[in-house]
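Below: the structure, in structure tokens.
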Amino acid sequence: MNLNLNGAKLADINPRMYGLFFEDINYGADGGLYAEMIENRSFEFVDAHGDRGDYYTVFDGGYGWSVYPENAKAEMAIVSGSPLYAENPHYLRFTSSQAGAGICNKAYDGITLKEGEEYRVSFYARNISASGNFVVSVISGGKAAAFATVPVRDPRGTLPNFWEKYEVTLTARKSVRHAKFVLSMSSGGTAEFDFVSMFPADAVKGIFRRDLFEKLDAVHPGFIRFPGGCIIEGNTLANRYDFKNTLTIPERRKNNWNRWAVHENSEKNHYHSVFSHYNQTYGMGYYEFFLLCEALGAEPLPVLSVGLACQYQSFEYVPQDSPAFAGFVQDALDLIEFANGPADSPWGKVRAELGHPEPFNLKMVGIGNEQWQTDKIDFFSRYEAFEKAIHAKYPKIRLIGSAGPAVKEERYGKAWAFYDSHADDPDFVYAVDEHYYMKPQWFLDNVGFYDSYPRTRRVFSGEYAAHPESRKNTLEGALCEAAFMTGVERNADVVRLSSYAPLFGRVNFWQWRPDLIWFDDETSFGTPSWYVQKMFSNNVGDEEIDLGAAVGDLRSRGIYVCASRTSAQKGGDYIVKIVNLSGSDQTFDFTDGGDRLACVSKEVLSGPEPEAENTISDPDRVRSQAEDPADPAVPAGTFAVLRLRKA
Ligand code: AHR
């Protein structure tokens with residue numbers, strides 16, 4: 001069939017339209033992208049219990065740690081009194097009458113080493129009565145797969161309260177999985193330990209797990225929204241992601257429990273689950289998020305709390321006329337100064353001291369995550385208060401509003417009525433964040449969702465994913481997302497930003513699926529949805545082309561298309577995206593008026609059957625591949641991106 005690409009411009013496309021949504025859910029940060037290998041490195045973990053509106057935590061500072069070997073004549077205790085830093089007041093006191101005994105960390109799934117690779121270990125110790133060496137090893141099957149020693153130093157120490165920092169590098173003699181991290185002493189005695197840390201030496205910027213970073217990089221995200229999601233709000237306000245606590249050295253970042261630790265708690269599981277020890281070390285704090293964006297060439301999009309705990313999980317809020325609320329607004333101003341202020345401004349100085357004197361060039365800020373208006377909670381006037389304060393000081397900062405948890409419901413309708421009432425002020429809201437986790441068929445039925453939006457609206461489709469009954473990342477789900485995205489791109493004048501959610505899932509540690517990228521202790525894979533995001537994001541034209549009646553005709557046959565043009569400076573290519581759910585292969589030829597267009601590249605996402613998914617053991621069952629551009633066929637059950645040029 002012929003597609004004529006000579007149509008008029010439908011919309012200018014935001015070159016940064018396709019981005020990523022990051023949240024520490026499914027062990028996405030601690031135990032995930034944050035490359036720290038030790039679990040509970042500063043002996044501050046808590047065990048979280050409870051349910052909506054009624055949470056409590058039990059301190060469990062020894063979580064993940066045990067004496068090694070199990071039957072050693074030794075004991076450990078979690079104590080406080082002379083901490084390295086007051087923010088994390090606990091540390092581990094170890095006493096042994098046996099040479100070679102030590103402490104051992106469970107490290108999520110255990111320690112994974114790759115033969116020949118290096119690992120940087122550091123820890124703080126107070127030498128009470130030990131002598132000889134501290135010994136750092138990774139033990140697998142009773143043998144050391146990696147090993148290093150460092151002499152115990154002067155008991156007077158050099159840091160506050162007589163602490164001393166020790167650093168060693170381990171080289172893996174062989175590859176191992178599910179091994180134990182052991183920090184021991186060559187002689188008996190007493191020592192105290194804190195902030196025991198181990199990173200693979202190949203971590204990107206010494207922070208990010210390399211394989212996961214590379215999967216993000218492959219998407220070429222236009223922006224990254226962080227740090228969530230619900231963790232922005234917290235299950236209680238004290239549990240929210242308080243970014244200011246993260247703007248310091250990692251050792252001073254106050255540990256917090258993770259809002260996802262209590263997900264799906266119920267009477268049945270006694271309001272406690274296997275995830276109850278999911279904590280946030282904040283090793284990936286706001287500074288690291290900004291570094292991540294910089295390294296990926298993505299625009300940062302931090303989302304701020306508006307003084308409401310997660311509206312699904314809590315009834316807690318700070319009144320809008322309280323000093324506490326003014327503090328939340330002030331946080332927004334301080335964040336912008338942290339990101340963009342000169343290195344001698346109060347918050348710019350904090351950034352400079354963390355190692356980045358140059359500004360991060362923050363342009364967008366989100367006001368609240370998934371909030372809605374209720375009888376008690378006036379989210380709209382909260383938004384207005386933030387908008388007024390931010391734009392009074394930083395008129396160019398673009399603000400993201402919230403349309404609540406789901407589209408096509410009352411809360412969403414009310415939200416749009418509010419934002420529409422400010423349509424005469426183009427700066428009031430840059431885009432409104434909409435969320436839709438729906439059945440795959442919904443995405444097909446709603447491919448024209450944005451066609452009817454008033455053209456004054458600006459949308460951030462900030463969280464979406466096709467949720468099949470199985471809640472798996474199937475090819476079919478991804479194709480439905482791709483079909484929907486053709487409709488999103490055709491409305492690029494309205495939809496300025498778009499991101500799939502959530503981003504990461506750790507095998508055996510997840511609370512929510514589907515997710516974009518899965519990983520375990522050793523490896524990772526992109527889901528079919530990851531390929532879809534990658535293919536859209538790597539093929540952004542400058543202007544969307546009106547394909548006229550062809551779009552509707554094709555949709556009625558199960559074929560979903562959108563087309564764009566790049567500028568002359570970028571080669572004047574045409575980019576056509578086609579999802580073929582028609583049930584049979586389709587062949588296309590393309591013209592621009594009288595000119596035939598030659599296909600110069602063709603990338604096709606395919607898999608063996610609609611239910612196909614990728615897994616750790618079969619990571620490429622569904623994947624995209626470059627195919628012969630001269631072949632005009634787009635096979636049934638695939639998504640293709642074609643680049644075309646005038647012959
Ligand atoms: O993406 C998972 C969750 O879905 C997010 O935390 C929240 O914003 C939404 O409800």
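In what follows, every heavy atom counts, from backbone to side chain, and hydrogens, waters and symmetry copies are set aside. Read the numbers this way: they start at 1 and go in the same order the structure lists the ligands and their atoms. It should be emphasised that the depicted structure is a prediction, and the values quoted were computed from it without experimental measurement.
Ring planes of Phe338 and Tyr287: perpendicular class, angle over 60° (limits at 30 and 60°). Ring geometry for Tyr453 versus Tyr412: interplanar angle of 30 to 60°, hence tilted.
Annotation: Tyr286 is not in aromatic contact with Tyr282 [ring centroid separation under 6.0 Å not met]. In this structure, Phe484 has its ring center closer than 6.0 angstrom to the ring center of Tyr436. Taking the six-membered ring where the residue is Trp, the centroids of Tyr63 and His277 are separated by under 6.0 Å.
Across Asn361, Leu301, Leu362, Ile224, a single residue satisfies side-chain contact (heavy atoms from CB on, under 4.5 Å) together with Cys293, and that is Ile224. Partner Trp512 forms a ring-ring contact (aromatic ring centres under 6.0 Å, His included) with one of Phe504, Tyr27, Tyr437 and no other, that one being Tyr437. Between Arg506 and the options Asp521, Asp515, Asp109, a salt bridge (Lys or Arg N to Asp or Glu O under 4.0 Å) holds for only Asp109.
Polar contact check, Tyr312 against ligand 1: no nitrogen or oxygen pair lies under 3.5 Å apart. Considering backbone and side-chain atoms alike, Glu370 places an N or O below 3.5 Å from some N or O of ligand 1. Residue His435 places no N or O, backbone or side chain, under 3.5 Å from any N or O of ligand 1. When only interatomic distances are considered, the shortest N/O to N/O separation between Glu23 and ligand 1 falls below 3.5 Å. Polar contact with ligand 1: absent for Phe21 (N/O pair, distance under 3.5 Å).
Contact between Pro502 and ligand 1 is present, with at least one heavy atom of the residue lying under 4.0 Å from the ligand. Between Tyr500 and ligand 1 there is no heavy-atom distance shorter than 4.0 Å.
Set against the non-hydrogen atoms of Gly229, the atoms of ligand 1 under 4.0 Å away are 5 (C), 6 (O), 8 (O). For ligand 1, the atoms sitting less than 4.0 Å from at least one non-hydrogen atom of Asn369 are 8 (O), numbered in the order shown with element in parentheses.
No part of Ile231 comes within 4.0 Å of ligand 1, judged by heavy-atom distances.
For atom 4 (O) of ligand 1, the nearest non-hydrogen atom from the set Gln311, Glu463, Arg259 belongs to Glu463. Considering each of Tyr437, Trp512, Tyr464, the one bringing a non-hydrogen atom nearest atom 1 (O) of ligand 1 is Tyr437.
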